[in-house]
Enquirer: 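I have a structure here, written as structure tokens, and I will follow up with some questions on it.
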Amino acid sequence: MAKRAKAAADTSKKPDVKKPAAKQPIPKPRKSRSTVPSPETLSALSQERLIALILEEVGQNPAFKKRVTAALASLQGPDAVAAVIDRRLAALEKARGFIDWQKRKAFAADLDATVTTVLADLRPLDTGMALDRLLRFLATADTTLERVDDSSGQVHAVYETAAEAAAGIALALPPEAAEAFATRLVGGLAGDGYGFLGSILDDLVPELPKAALDRVDRVLAEAQGALPKPAKTTGRDAFAAGQAAWESRYHRLRLGKLRQAVADARGDVDAFIALETKNAPDRPDIVAVAERLLEAGRPEEALDWVRRAPKPRAVALTMENLLEGALGLGASATDRTALEARILDALGRKDEAQTLRWNRFAQTLDPQMLRDHLAKLPDFEDEEALERAFDLAEKSKDPHYGLYFLIGWPNLDRAARMVLARRTEWSGRNWEVLAPAADALAPDHPLAASLLYRALIDDILERARSNAYGHAARDLAKLATLAEEVEAGSLKPDHAAYVAGLRKAHGRKYGFWQLVEK
């Protein structure tokens, strides 16, 4: 027993001998389940595979080939990239062939590749050279846009991108370089028919230091003074002379507007006013002048300006203009009234300002004027004023104006009440008002919505407006849905009888009924 115990003790003292661990398999790289190209997914492809894909696309995509060529040229420095871009610009400057809509997409892609090359490959190497190429590209806008069918705006959008990029680069220039660039742009304005260079100046001028602004204004004034005066001609040269005179006046006006931007940047209100009266002696922008005088702390002068009666001129009126109360008041009447009220507030004549706002609202039902009026009222008086406003809208001489206001505010309960109270006055010809109003009222006010839908359908069919039959058919389907929610007897005739009446009166309008039965 003793020997056994000793042997056991000796055994317990021996060091443990660990068995070698089994070799663990080396984990394989986890394969991405995504097939969307990204830095992570593309990194799993071999270099040879990526090169093959690039060469394949280069052979099929001319714009991509130009991008790759420029990227390779960037390895040799800015001069090599500039040479690639210059060859493309030279070809663009010489081109005169017309580009129809079938070739427009490829042409726009080619132009975009040129702009992208300037920004992605040349700009990081030499900012000045990139800016020069962007301006050279923008100088081709007039001739290029005149020879391309750009109804989609694709080509124009490329030039806009180039102008925005040039403005961004110019804004980052040192003050002296920015001034030199701005004065350089002035020289190109005469050929800037689409206004791309002018838009760059608009962005750049507010950021220039005062000394630079003085020099830019001087260059603009010299450009104005150098414009030729229109010559008086007769006969076959009269048309060409008239066109040249129009272009000269347009250019003179644009230079004047840029000088006004300089005046704004300098905070020189008097210079802005002098230029405005020179640019438009018959119809100066009253609101623009009065706003600047108010901001300059000269409210008395601002009030004098804003109360000057503008000379009447021909304007193209739309339904929106009419609904906003522009008829007979000029397109800027609302802005002028709002500004006059602000000026009166600044002068401490707050009661006059409030009376002006309310009278303007009562005349036009302009919602912004009402909001301005309510915002200036003492506490607890706004609810009463708002109720008075709703009453005015419901009782408006032309109900369509009142409905437009109530739907837009919105107060759908009052709008529905108005529709029911004046149910015989709705005209489907005012579909710009009735169609959105009916859709807005349908969920909670089916009876009022049904009346408006019927007015719309009746007008379309009575005038046989075949191009609007689709709208009428959809409105009839909406009526069928609402019929289940309209209280029995509240709408006469009922839906079934209404449809029967339509079939009797307009049964031969097959185009409409075919759409209904689809």
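Just so it is clear, the structure is predicted and the values come from calculations on it, not from any experiment.
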Enquirer: Kindly write out the residues that satisfy side-chain hydrogen bond (donor to acceptor under 3.5 Å, both in side chains) with Arg422, not counting sequence neighbours, or none if the list is empty.
Expert: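 Residues passing side-chain hydrogen bond (donor to acceptor under 3.5 Å, both in side chains) with Arg422: Glu425.
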
Enquirer: Tell me, with the steps shown, if Asp459 and Arg465 meet salt bridge (Lys or Arg N to Asp or Glu O under 4.0 Å).
Expert: CA-CA 8 Å; Asp459 176 72; Arg465 293 177 55 216; 3.7 Å; yes

Enquirer: Just jot down the side-chain hydrogen bond (donor to acceptor under 3.5 Å, both in side chains) partners of Asp112, sequence neighbours excluded, or say none.
Expert: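 Not a single residue meets the side-chain hydrogen bond (donor to acceptor under 3.5 Å, both in side chains) criterion with Asp112.
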
Enquirer: How would you list, by chain and number, every residue that makes a side-chain contact (heavy atoms from CB on, under 4.5 Å) with Ala416, sequence neighbours excluded?
Expert: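 Leu441, His445, Ala448.
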
Enquirer: Got a sec, which residues hit salt bridge (Lys or Arg N to Asp or Glu O under 4.0 Å) with Asp345, two or more places apart in sequence or on another chain?
Expert: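 So Asp345 forms a salt bridge (Lys or Arg N to Asp or Glu O under 4.0 Å) with Arg357, Lys376.
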
Enquirer: Quick one: which residue pairs count as a salt bridge (Lys or Arg N to Asp or Glu O under 4.0 Å) with a foot in residues 377-388, not counting sequence neighbours?
Expert: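 Counting only pairs at least two positions apart or across chains, the salt bridge (Lys or Arg N to Asp or Glu O under 4.0 Å) contacts touching residues 377-388 are Glu387-Arg414.
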
Enquirer: Under 6.0 Å between ring centres: does that hold for Trp431 and His471?
Expert: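 Ring-ring flag for Trp431/His471: false, centres at least 6.0 Å apart.
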
Enquirer: Could you tell me which residues satisfy salt bridge (Lys or Arg N to Asp or Glu O under 4.0 Å) with Lys278, sequence neighbours excluded, listed by chain and number?
Expert: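 Checked Lys278 against salt bridge (Lys or Arg N to Asp or Glu O under 4.0 Å); zero matches.
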
Enquirer: Please confirm whether Arg147 makes a cation-pi placement over Phe98, using NZ or CZ under 6.0 Å from the six-membered ring centre and within 45° of the ring normal.
Expert: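 No, Arg147 and Phe98 do not form such a contact.
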
Enquirer: Are more than 12 heavy atoms from other residues, nucleotides or ligands located less than 6.0 Å from atom CZ of Arg49?
Expert: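 It does not: Arg49 CZ has 12 such atoms or fewer within range.
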
Enquirer: Can you confirm if the aromatic rings of Phe196 and His156 lie within a centre distance of less than 6.0 Å?
Expert: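 They qualify: ring centres under 6.0 Å apart.
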
Enquirer: Show every side-chain hydrogen bond (donor to acceptor under 3.5 Å, both in side chains) that has at least one partner inside residues 499-515, sequence neighbours left out.
Expert: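 Applying side-chain hydrogen bond (donor to acceptor under 3.5 Å, both in side chains) to every pair that reaches into residues 499-515, excluding sequence neighbours, yields Arg503-Glu517, His506-Lys509.
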
Enquirer: Report the residues that fulfil side-chain hydrogen bond (donor to acceptor under 3.5 Å, both in side chains) with Gln368, sequence neighbours left out, ordered by chain and then residue number.
Expert: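 Here the qualifying residues are Asp372.
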
Enquirer: Who are the ring pair (Phe, Tyr, Trp, His ring centres under 6.0 Å) partners of Trp358, not counting sequence neighbours?
Expert: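 Ring pair (Phe, Tyr, Trp, His ring centres under 6.0 Å) list for Trp358, sorted by chain: Phe361, His373.
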
Enquirer: Tyr498: what forms a ring pair (Phe, Tyr, Trp, His ring centres under 6.0 Å) with it, not counting sequence neighbours?
Expert: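 Not a single residue meets the ring pair (Phe, Tyr, Trp, His ring centres under 6.0 Å) criterion with Tyr498.
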
Enquirer: Any donor and acceptor pair, going by atom type alone, linking the side chain of Asp192 with main-chain N or O of Leu197 inside 3.5 Å?
Expert: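 Checking the backbone N and O of Leu197 against the side chain of Asp192, a donor-acceptor pair under 3.5 Å is found.
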
Enquirer: Hey, could you give me each pair passing salt bridge (Lys or Arg N to Asp or Glu O under 4.0 Å) that has a residue in residues 479-496? Not counting sequence neighbours.
Expert: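 Residue pairs passing salt bridge (Lys or Arg N to Asp or Glu O under 4.0 Å), neighbours aside: none found.
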
Enquirer: Sequence neighbours excluded, which residues qualify as side-chain hydrogen bond (donor to acceptor under 3.5 Å, both in side chains) partners of Glu146?
Expert: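 Expected list: Tyr194.
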
